[in-house]
Amino acid sequence: MSTETNIHYESRLAKLKTLQEKGYNPYPYKFEPNAFAADLQEKYKDLETGADTEDRVTIAGRAMAVRNSGMFIDLKDKSGKIQVFCHKNHLPEADLELLKCLDVGDIVGVSGYIRRTPRGELSVAAEKFDIIAKSLQPLPEKFHGLTDVEARYRQRYVDFIMNDDSKEIYKKRCQITSAIRRYFEEHGFLEVETPMLHPIMGGANAKPFITHHNALDMDLYLRIAPELYLKRLIVGGFDKVFEIGRNFRNEGIDKSHNPEFTALEAYQAYADYNTMADLIPDLLAYVAKSVLGTTVVNYNGHEIDLGKPFARKSIVDLVKEYAGIDLMQAQTVEEAQAMAKSAGVDASGCTSWGKVVQEVFDQKVEHNLIDPILVMDMPKDVSPLAKTHRSNPRLVEHFDAYVGGMEMGCAYSELSNPLEQRQRFEAQAAAREAGDEEAQMFDADFVTALENGFPPSGGMGMGIDRLAIFLTGAETIRDVIAFPTLRKKD
RNA sequence: GGGCCCGUAGCUCAGUCGGUAGAGCAUUUGACUUUUAAUCAAAGGGUCAUGGGUUCGAAUCCCGUCGGGCUCACCA
């Protein structure tokens, strides 16, 4: 961990003072480059070794390496890297003096002409050199870089400076969000914002963060999902809406879970989950194509083509296929648990038929779902906000989308009957009463909203961080979040 | 939260059986000057995460605490 008292800091501070004593400001207001490293590398890729040009450019970036006492500087800007060549023959005396105060990590601005050195390195031969941000902290060693996992996340800016992979993954993640926005806007959806402070938590089963509003003297939950508010907008006549935003869940942290994560939810009136079953694969293919340039994704050694139609199978059929038991034959929890046991799954903790189905699915099926698939028709009791299945009252019209063995998103035919919604909430409240901390709370105003007339609608949700993991091949959710949650250091 | 493992210089890492704290890069000084992890010479840099214990003596052994990793549970 860097401190303010190490020898590097002292040395850099002394150089900063030297600069200031000379009347030089190493923290100017503005500097305008007119070229970027990657563009220059491309434009001059055929320039012969040893050749000079008359072409003059101004570039700016971080000095990543300094050789021969400043004669050669590797400059890195947002686009890439280019060498700066500082020779006394082309540089004013004052600028040569500046080089004595240059450290690796400083941000510099350089004007000069393009040449390719005899060793074949495209360079800007400096005719004007400036330090435009003096860095007081040493950069990690150039060869190994910053590899300490903790340091990488605690000082993510250093990680991004040193590790191009980290930067590339985060950049792609941002492009994914952008592509999702574009997709929905192109399809007539309105991007909306709904509260993150909820008086009643709803829309998902999860443990919440609780905070307090002083003036109202009221506890509030950081939202676990925006669903119930987005549906209120559908009632209000916004027929196609989507929201991209943070959800907060007070649960464990691991490779695929961060306490705050970004979710997409979209709702479309006069549609059902079949509409969403068409939309989700289309969306995923669009995003992959936008960000990766192809629908074919290599993930964990598997080649997955998001451009092909997604399989659709019911969860009960999948359980039958992978666990060899037909849970539709079980009428009670006990029968279902017995069947689960015969398939080697301990479902003794499950309090309902649906939870047994879910448990067997989690243990026997989920990890096998590498190719994209929509797992259709969930048990009713695990999904209190979806419409009862039109052909089976034990199920709801709810599917989960799996890609690469990860649950990527879900969709429902949204429950629109206020009376049924009230009953489902009552069942959840009873489960909550019985000790199920994650059962949903009764939201009376939401029921009132439905009583005002909620059109038949399809809705979907997707975890953007997980999608980013899948599309970038990131090893952990921390790599697709700029500043992942960490324990306080002190 | 449970189990296992880790924490030594700014960074990347050695440190044997418990016996004076090490290297490379980085820094400083000097040399060199069309280098590519530039090179050469020299110097400086440490509360060995932290607090206790055992011991003549602890980076090393034991216990607590803090932080991290893996994993299980919970979960998207």
Side-chain angles (χ1 to χ4, degrees), chain A residues 1-15 49-50 52 64-74 81-90 100 103-105 115-123 125 135-155 158-159 161-162 203-208 224-225 246-265 349 358 362 366 400-402 406-410 436-438 461-467 469-470 475-478 484 486-490:
Chain A
M1 232 18 40
S2 306
T3 67
E4 292 191 357
T5 53
N6 66 58
I7 51 168
H8 300 85
Y9 190 89
E10 297 296 334
S11 152
R12 285 157 184 259
L13 199 59
K15 288 174 185 170
T49 292
D52 288 6
M64 298 301 291
V66 178
R67 291 179 291 278
N68 290 35
S69 312
M71 187 179 289
F72 302 95
I73 300 165
D74 287 342
K81 216 161 88 174
I82 190 165
Q83 179 168 270
V84 172
F85 174 63
C86 294
H87 197 274
K88 58 188 175 194
N89 293 353
H90 332 104
K100 292 179 182 165
D103 285 297
V104 170
R115 66 186 292 249
R116 192 175 289 281
T117 65
R119 297 293 178 100
E121 192 71 27
L122 187 71
S123 305
S135 165
L136 299 179
Q137 295 288 352
L139 283 183
E141 185 220 0
K142 59 194 156 197
F143 189 58
H144 296 92
L146 184 66
T147 63
D148 180 74
V149 178
E150 183 179 358
R152 280 185 49 224
Y153 296 125
R154 283 201 193 277
Q155 293 191 282
V158 179
D159 182 33
I161 290 169
M162 296 303 296
N205 304 328
K207 296 189 191 102
I224 56 172
R246 220 65 66 78
N247 290 349
F248 305 86
R249 298 190 185 175
N250 206 340
E251 283 157 356
I253 296 176
D254 62 30
K255 282 186 168 183
S256 57
H257 297 86
N258 196 63
E260 50 179 311
F261 63 101
T262 304
L264 157 73
E265 288 200 15
Q358 193 77 55
D362 288 349
E366 185 171 355
D400 286 345
Y402 280 83
M406 273 193 296
E407 187 188 337
M408 207 62 80
C410 65
D436 184 348
E437 258 188 279
E438 294 184 348
M462 190 173 281
I464 290 183
D465 309 278
R466 292 226 176 137
L467 177 59
I469 289 172
F470 172 67
E475 283 183 25
T476 138
I477 194 168
R478 289 182 159 184
L486 294 174
R487 206 183 290 268
K488 224 174 11 177
K489 179 85 178 175
D490 295 318

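Excluded from the calculations below are hydrogen atoms, water molecules and symmetry mates; all remaining heavy atoms, backbone and side chain alike, are included. Keep in mind that what you see is a predicted model, and the values were worked out from it rather than measured. Quick note on labels: first sequence line is chain A, next is B, and so on, each numbered from 1.
Contact annotation: side chain of A:Thr117 to base of B:U36, donor-acceptor pair present below 3.5 Å.
Taking atom C1' in both B:C48 and B:U60, one finds a spacing of 10 Å when rounded to whole Å. Between the P atoms of B:G64 and B:G2, the separation comes to 12 Å (whole Å). On the C1' atoms, B:A9 is 12 Å away from B:G24, given to the nearest whole Å. On the P atoms, B:U8 is 6 Å away from B:A49, given to the nearest whole Å. Nucleotides B:A14 and B:U28 place their P atoms 28 Å apart, quoted to the nearest Å. B:G18 and B:C5 have their C1' atoms separated by 23 Å, given to the nearest Å.
No salt bridge links A:Asp74 with A:Lys142; every basic N to acidic carboxylate O contact stays at or beyond 4.0 Å.
When heavy atoms are screened at a 4.0 angstrom cut-off, A:Asn250 is found touching no nucleic acid atom at all. Counting non-hydrogen atoms under 4.0 angstrom, A:Gly463 reaches nothing in the nucleic acid. A:Tyr153 comes within 4.0 angstrom of no nucleic acid atom, judged by non-hydrogen atoms across all strands. Among the atoms of the strands shown, base atoms are found under 4.0 Å from some heavy atom of A:Arg115. Nucleic acid contact for A:Lys255: sugar-phosphate only, since backbone atoms but no base atoms lie under 4.0 Å from a heavy atom of the residue. Residue A:Gly145 is classed as a sugar-phosphate contact, given heavy-atom separations below 4.0 Å to backbone atoms only. Across all strands shown, A:Asp74 has no heavy atoms under 4.0 Å from either base or sugar-phosphate atoms.
Residue A:Glu251 places its side chain closer to B:C74 than to any other of B:C11, B:C74, B:U36. Comparing B:U36, B:C74, B:C13 against the side chain of A:Thr147 picks out B:C13 as the nearest. Across B:G69, B:C74, B:U36, the shortest atom-to-atom separation from the side chain of A:Gln83 is found for B:U36.
With values rounded to the nearest 0.5 angstrom, A:Asn205 atom CG is found 7.0 Å from A:Ile224 atom CD1. Interatomic distance, CG of A:Leu139 versus CD1 of A:Ile161, reported as 5.5 Å (0.5 Å rounding). Interatomic distance, CD1 of A:Ile73 versus OG of A:Ser123, reported as 10.5 Å (0.5 Å rounding). Atom CD of A:Glu407 sits about 10.5 Å away from atom OG of A:Ser256, to the nearest 0.5 Å. Between the CD atom of A:Glu260 and the CZ atom of A:Arg246 there is a distance of 5.0 Å, given to the nearest 0.5 Å.
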Which letter, B, S or -, goes with each nucleotide of nucleotides 26-33 of chain B from 5' to 3', with contact meaning a protein heavy atom under 4.0 Å?
BSS---BB
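Not one side-chain nitrogen or oxygen of A:Arg487 sits closer than 4.0 Å to the OP1 or OP2 atom of B:C66.
Residue order along RNA chain B, read from the 5' end via each residue's closest nucleotide, puts A:Pro118 first among A:Met408 and A:Pro118. Where A:Glu121 and A:Glu260 each meet RNA chain B at their nearest nucleotide, the meeting point lying more 5' is that of A:Glu121.
Checking side-chain atoms of A:Ser135 against main-chain N and O of A:Gln137 turns up a donor-acceptor pair under 3.5 Å.
Minimum heavy-atom separation, A:Gln83 to A:Arg67: OE1-NH2, 2.9 Å. Closest approach of A:Asp465 to A:Phe261, counting heavy atoms only: OD2-CB, 3.3 Å.
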Determine, stepwise, if the pair A:Arg116 / A:Asp52 fulfils salt bridge (Lys or Arg N to Asp or Glu O under 4.0 Å).
CA-CA 6 Å; A:Arg116 192 175 289 281; A:Asp52 288 6; over 6 Å; no
Dot-bracket for RNA chain B, 5' to 3', counting Watson-Crick or G-U wobble pairs under 3.5 Å, with [ ] for crossing pairs and | for inter-strand pairs?
(((((((..((((.....[..)))).(((((.......))))).....(((((..]....))))))))))))....
